[in-house]
Engineer: 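Sharing a structure with you now.
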Amino acid sequence: MGESRNSFKITLIIRSNNDNDVFYKRDGRRFDAENTIKLLIEQNYRFTVTIKPSLPLQSVSVQGAGLSVIDLSQQESEGSKYIFHWSSTKISASKKKDRTLVQLLLQFQDGLSLVLPLQVKFYRPEDNDHLIWGNPLNFIDYDCLVKPGLTAVNIVKEVFR
């Protein structure tokens, strides 16, 4: 990518707190985003964010609620690494053919902010057979770009693996 300070890569890993895989499926152009992440309601999730090159993270919020962040950057040789936990207890199960846009806001120490818009379908625990249709979500890579003079970060490329 271009100049190192104007561009960086974020890798996002989502796991349930009991370390079960999270799944996703390609929805094509039926919804706002091409891929839908499948999550359970009333579940705790662990998010791991890795930023290369290193960029200090100041705060994280999901759906407007601030979360406490654990800084694991000393374990990363070439970047920053953070973990935070989020609970879907106040979320309702998605209706058929509905998707929920979950706003994951990352705010960095130098005034930059990035919204990762996660398209999610929320399931009740008893619907767990639908929960695992699709592909295991190992991680999502985001190639990010900051235009000079701006504080909002643009996502130039998003890859689900």
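Sequential numbering from 1 along the given sequence is applied to the chain's residues.
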Engineer: Are any of the side-chain heavy atoms of L114 and F108 separated by less than 4.5 Å?
Structural biologist: yes
Engineer: For the CD1 atom of I37 and the OH atom of Y24, what is their distance to the nearest 0.5 Å?
Structural biologist: 10.0 Å
Engineer: Please check if the side chain of S80 supplies one atom and the backbone of L55 the other of a donor-acceptor pair under 3.5 Å.
Structural biologist: yes
Engineer: Run the side-chain hydrogen bond (donor to acceptor under 3.5 Å, both in side chains) test against S68 and tell me which residues pass, sequence neighbours left out.
Structural biologist: none
Engineer: Rounded to the nearest 0.5 Å, what separation is found between the CZ atom of R124 and the OG atom of S92?
Structural biologist: 8.5 Å
Engineer: Show the nearest heavy-atom pair for residues P53 and F8, with the distance to one decimal.
Structural biologist: CD-CB, 3.9 Å
Engineer: Let's go through V102 and F122 carefully: what are the C-alpha distance in whole Å and the side-chain angles of both, what is the deciding distance for side chain to side chain contact (heavy atoms under 4.5 Å, CB included) to 0.1 Å, and is it a yes or a no?
Structural biologist: CA-CA 11 Å; V102 174; F122 287 100; 3.9 Å; yes
Engineer: If you measure from CZ on F84 to OG on S61, what distance do you get to the nearest 0.5 Å?
Structural biologist: 9.0 Å
Engineer: Could you check whether atom CG of D32 has more than 12 heavy atoms from other residues, nucleotides or ligands sitting under 6.0 Å from it?
Structural biologist: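 Atom CG in D32 is not packed in, count stays at 12 or less.
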Engineer: Between W86 and F47, what is the ring plane arrangement, given parallel below 30°, perpendicular above 60°, and tilted in between?
Structural biologist: perpendicular
Engineer: Tell me if a side-chain donor or acceptor on Q43 pairs with a main-chain N or O of S87 at a distance below 3.5 Å.
Structural biologist: no
Engineer: Could you tell me if the side chain of P125 sits less than 4.5 Å from the side chain of I41, heavy atoms only?
Structural biologist: yes
Engineer: Assigning hydrophobic clusters by single linkage (Ile, Leu, Val, Met, Phe, Trp, Tyr; side-chain heavy-atom cutoff under 4.5 Å), is L118 placed with I91?
Structural biologist: yes
Engineer: Considering the options T100, L39, V120, which one meets the side-chain contact (heavy atoms from CB on, under 4.5 Å) requirement together with S94?
Structural biologist: T100
Engineer: Measuring from atom CG of D143 to atom NZ of K9, what distance do you get when rounded to the nearest 0.5 angstrom?
Structural biologist: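 Here the rounded value is 4.5 Å.
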Engineer: What's the separation between atom NZ in K38 and atom CH2 in W133, rounded to the nearest 0.5 Å?
Structural biologist: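 Going from NZ on K38 over to CH2 on W133, the span is 7.0 Å.
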Engineer: Among Q119, K121, R30, which one satisfies side-chain hydrogen bond (donor to acceptor under 3.5 Å, both in side chains) with T36?
Structural biologist: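 Among the candidates, only Q119 passes.
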Engineer: Do I51 and I70 share a hydrophobic cluster (ILVMFWY, side-chain heavy atoms under 4.5 Å, transitive)?
Structural biologist: no
Engineer: Is any side-chain heavy atom of F139 closer than 4.5 Å to a side-chain heavy atom of T48?
Structural biologist: no
Engineer: For L116, is there any backbone N or O sitting under 3.5 Å from a side-chain donor or acceptor partner on Y142?
Structural biologist: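 Side chain of Y142 to backbone of L116: no pair is present.
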Engineer: What pair of heavy atoms forms the shortest contact from I10 to V49, and how long is it?
Structural biologist: CG2-CG1, 3.9 Å
Engineer: Taking all non-hydrogen atoms of both residues into account, name the closest pair between R15 and V22 and its distance.
Structural biologist: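 Residues R15 and V22, closest heavy atoms: CA-CG2, 4.0 Å.
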Engineer: Using only atom types and a distance under 3.5 Å, with no angle test, would you say the side chain of S113 pairs donor to acceptor with the backbone of Q107?
Structural biologist: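 Side chain of S113 to backbone of Q107, a donor-acceptor pair under 3.5 Å: no, none is there.
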Engineer: Under a 4.0 Å N-O cut-off, is there an ion pair linking D19 with R46?
Structural biologist: yes
Engineer: Ignoring hydrogens, what is the shortest heavy-atom contact between V115 and Q103? Give both atom names and the distance.
Structural biologist: CG1-OE1, 2.6 Å
Engineer: As a test of understanding, state which of R99, K25, R29 forms a salt bridge (Lys or Arg N to Asp or Glu O under 4.0 Å) with E34.
Structural biologist: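 Only one option passes, and that is R29.
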Engineer: Kindly give the heavy-atom pair with the smallest separation between P117 and I155, and that separation in Å.
Structural biologist: CD-CD1, 4.1 Å
Engineer: Taking Y45 for the side chain and L40 for the main chain, is one N or O donor matched with an acceptor at less than 3.5 Å?
Structural biologist: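 Yes; judged by distance alone, with no hydrogens or angles, the pair exists.
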Engineer: So, taking the atom named CG in L12 and the one named CZ in F160, what distance separates them when rounded to the nearest 0.5 Å?
Structural biologist: 8.5 Å
Engineer: Indicate yes or no for a side-chain donor-acceptor contact from S7 to the backbone of C144 under 3.5 Å, with no hydrogens or angles considered.
Structural biologist: no
Engineer: Passes side chain to side chain donor-acceptor pair (under 3.5 Å), H85 versus N44? Steps please.
Structural biologist: CA-CA 7 Å; H85 298 268; N44 293 315; over 6 Å; no
Engineer: Tell me the closest heavy-atom pair linking R161 and V159, and the distance in Å.
Structural biologist: CZ-CG1, 3.6 Å
